[in-house]
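Below is one structure, written out as C-alpha cells; comments come after it.
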There are 2 protein chains.
Amino acid sequence: MAKVNIKYLASKLNMAPSTVSRALNDSYEISHATKAKVMALAKELNYQPNPYARSLRAHSSKTIGIIIPERINNFFSQVIDGLESVTQEFGYHLLIYNSNEDVEQEKKIISYLLGGRVDAIVMSVSSQTSSSEHLVQVYNQGIPIIFFDRIALDIPTTKFITNDFESGYLGTKHLIDQGCKKISFLSLSKEITIGKERLNGYLEAIKTSELPFDESWILECTQDEKKNAEVIEQMLFPISRPDGIISSVEKLAITTYQVLKKTRLKVPQDVRVVSFSNMGIADLLDPPLSTISQPAGEIGIACGKLLMKKLTKKKQENIQDEIIMIPSSMKVRKSSQP
Amino acid sequence: MAKVNIKYLASKLNMAPSTVSRALNDSYEISHATKAKVMALAKELNYQPNPYARSLRAHSSKTIGIIIPERINNFFSQVIDGLESVTQEFGYHLLIYNSNEDVEQEKKIISYLLGGRVDAIVMSVSSQTSSSEHLVQVYNQGIPIIFFDRIALDIPTTKFITNDFESGYLGTKHLIDQGCKKISFLSLSKEITIGKERLNGYLEAIKTSELPFDESWILECTQDEKKNAEVIEQMLFPISRPDGIISSVEKLAITTYQVLKKTRLKVPQDVRVVSFSNMGIADLLDPPLSTISQPAGEIGIACGKLLMKKLTKKKQENIQDEIIMIPSSMKVRKSSQP
DNA sequence: GAATATTTCGGAAACGTTTCCATAATTAAA
DNA sequence: TTTAATTATGGAAACGTTTCCGAAATATTC
C-alpha cells in the first residue's frame, strides 16, 4: 500500500504538487475544475495530510501543552475539559503532562516543550516550584505561556486565579460565625501562590475576629499521604485540639475525614470542616462537606479563548501581563454547621 | 535572536550539518574532540532539536494518542497516570482526547489521528459506539491500536479488560446473599461490551438463585443525568421497588445516592447498593459504598508496556489479537450490608 | 613501501508540505 | 490589433533533521 501524499496525488493527476496543495487548501488561484478533480481523488484514496511536514513548514504545531501537578483531581480535569471545548473547534490538539507535584519532573517536561513541540503552554505549577528559572526560559523563547490556579508571579503573562484571599477569609469567617474558637489551616506548601493567598485570608479573618491565635494552627503538609494523616491525627489528639478546620486543598480534607473517622470526634459537633474542593459529591459525604469550589470549567474556557485569540489572529497583540480573577463560590453544608 | 538549529551550529563550528547531527546523536563515527566541541556549543546556545523535522524524517512522532469517553472520572485518570509512568521513561508524549461519549466526536478525533500524528492509539470507546468502521480504518492504516475497558471486539488487537462477567456475577450474588429479592441493574448502554458482560454476570446470578426476574429490573440509562435521575426515582417509587441495586458505572451509583437522599428510603435498610467504581472516597460516603473497583493503574501500565515493546524494539512482532484480563476486586462496605 | 582497512568528516538527498517565482494561456484595456 | 492585466499552473526552494554515499586522512597489514 503506497502511502498517499501530495506527490502521489499529483502524479496520478498529472499535475504539479504545488497545484494539488493549493487545490486542497481551496486556494483562489485554482480553477473549480481542477479543485474538483483533486478533491475527488483525495477523498477516494483517503488522503490525510502529514501534520509534521505541515508543522515543519509552518512553524506551528496546532498543539497546546498542558502541565498539571496532579491528574486524579476533578479540578484539573474540569479545567482541561473547558479548555478542550474551546480549542478543539480550532483544530488544536492537547499534549497533557502530569508533573506529580515534582519540580524536577516539571523541569523535564518543560525541556521537552522548548523544542517547539507546542505552540503554547498552559500550566499550574507544582507545589515544590519555588524558583521559576525554567519557566523564564519558556517565556524568553517566545512560547506563549499562561498560568492558572497555581501561578508563577514573576513571569509577565496572563494568570487566571480565583479570589483566593477572599475565599480563605470567607471560609474562615464562616467557621468563626459558627462558633469555632481554634481554627486550623491545612496547607500543602508555602511555596505556591494560592496557598499563600488562602492562608492570608485565613489570617486576616482570625485577626479581625480577635480570637487567640497560635502559629501551630497552621499545618503544613506534604505529598506523603501517610505522614499527612499522622500529622493531622496528632493535631486532633490533645485536648487543646482545634474545633474548626479549613483545608486549602481537597486532598487534605479527605485525609482529615479519614482520620476523623478513626477517632471519636464528630463532625460538625466536635470539629467543623470547610475545604477548597471541586468534588462533585460533597453532598454525599458523611457528613456533607462544606466546600469552596473554583469555577474550573470557566477557567479552562478562559484559558482556551485567550490562547485561540493569540494563536489564530494575525494581529500579534501580545498576551497581557495581568491577573484575571474568576470568583469561587462557597457552599455551606453540614460539615460546618451545628 | 537567530533560531539555533543544526545548520547554525554547523556554520559557527565550521563543520558540516551532518557532522553536527552525528555528534549530537553520539555517533560512533565522530571523534571525541569534535563531539565535545559540538556538545559544548549546543549547550551554550541552548540548542533544542526540532521535533517535527525529526518526526518527518523518521516517520515516527514519539507520541501516543489516547481517547477516553469521559475526563472527569477517576478510572480513566488512573489509567492515564499508569500509562504515562511507563511511556515517559521512553520519551513518549501523550495526546489526550475526550470523546464525551459521543461517537461522532470519536470519529472526528480518529480522523485527526489518521495522518500519522501519533505512533499508536490507546482507547476506550464511547457508549454510543456500535459500529467500528472508523476503528477498522485505523487498523488498516497500520497504526497500532489497543483498547481497554470498553473494547471493540472485532478489531484484531490486544484488549485489556477486567473480569466483568464474574464481577457482575459476584456483585449480584453478594446482594442476593444479603437477602435482596428484587435486584435492579443500572446500565449505561447496551452497546458497550463491559455493559453486556456485567449484565450477563448479573443475569447469571439471578438465574442461579432462582429468584423471580423481571426485564424491567434492567434500567438502561443515558447521558442525560437529569433523565437518569427521573428514571431511577420512578423505579424507586412504587411499592414493588427493588431492594437491591447494582450499578455498572460509578456515575449512575452517584445519581442513585442523590435520588435516594430525596426519598425516605434508607441505605442499606431499604435498598442495598453495590457499584462498579474507582472513586477513592467510597469509604467517606453516607453510607460507605460497596464497590467493585478495576485495577486502573495496572491496566494503564500494561497498555504502556505493550506499546513500548512494540514501538521501541526493532523486532516488529505484531500486537497479538487477544484479550487480557486483569481482575477487579470487590470491597464490601455498609451500603450493601444490613 | 605498497596495499588495505579504519577513522573521521563533508555533500547531498530525502521526509511531505507550502509558497515564492516564473510562465503560458486567456481576458481586458487601449 | 497591440499591450497590459488576469487566471491557472508548474518548478523549485525551504522548513530542520537524519542518513546514504563518498572521500580524504590516518592507521594497519603484508
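For the pair A/Lys62/A/Ser55, no side-chain contact is recorded, criterion being any heavy-atom separation below 4.5 Å from C-beta on. Side chains of A/Arg117 and A/Thr63 form no contact here, defined as non-hydrogen atoms less than 4.5 Å apart. A/Glu84 places a side-chain heavy atom less than 4.5 Å from the side chain of B/Tyr97. Using a 4.5 Å heavy-atom threshold, the side chains of A/Asp119 and A/Tyr92 count as touching. Residues A/Gln105 and A/Lys108 are in side-chain contact: their nearest non-hydrogen atoms beyond the backbone lie under 4.5 Å apart. Between A/Val122 and A/Val79 there is no side-chain heavy-atom pair separated by less than 4.5 Å. When side chains are defined from C-beta on, A/Ile155 does not count as touching A/Val138, because their heavy atoms never get closer than 4.5 Å.
If you take OH of B/Tyr28 and C1' of C/dT7, they are 10 Å apart, rounded to a whole angstrom. Distance B/Lys3 NZ to D/dC15 C1': 9 Å, rounded to the nearest Å. The separation between B/His59 atom NE2 and D/dT18 atom C1' is 11 Å, rounded to whole Å. For the pair B/Leu24 CG and D/dG16 C1', the interatomic distance rounds to 12 Å; values are reported in whole Å. D/dA12 atom C1' lies 19 Å from atom CE of A/Met15, rounded to whole Å. Between the P atom of D/dC15 and the CZ atom of A/Arg117 lies a distance of 21 Å, rounded to the nearest Å. Distance CD1 (A/Ile6) to P (D/dA14): 19 Å, rounded to an integer number of Å. Following rounding to the nearest Å, A/Asn25 (CG) and C/dT17 (P) show an atom-to-atom distance of 10 Å.
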Criterion salt bridge (Lys or Arg N to Asp or Glu O under 4.0 Å) on B/Lys159 and B/Asp149, from CA distance to verdict: CA-CA 8 Å; B/Lys159 299 125 189 162; B/Asp149 194 44; over 6 Å; no
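Using the six-membered ring where Trp is involved, A/His93 and B/Tyr112 have ring planes that are perpendicular, over 60° apart on the 30 and 60° scheme.
Listed pair A/Ser21 / C/dT17 fails the phosphate criterion, with no side-chain N or O lying under 4.0 Å from OP1 or OP2.
Here the nucleotide nearest the side chain of B/Ala16, chosen from C/dG10, D/dC15, C/dT17, is C/dG10.
Shown for residues 30-58 of chain A: residues whose heavy atoms fall under 4.0 angstrom of DNA chain C, namely A/Tyr47, A/Gln48, A/Pro49, A/Asn50, A/Ala53, A/Arg54, A/Arg57.
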Expected rows: protein N/O vs nucleotides 20-27 of chain D N/O, under 3.5 Å:
unit_1, atom_1, unit_2, atom_2, d
D/dC20, N4, B/Arg22, NH1, 3.0

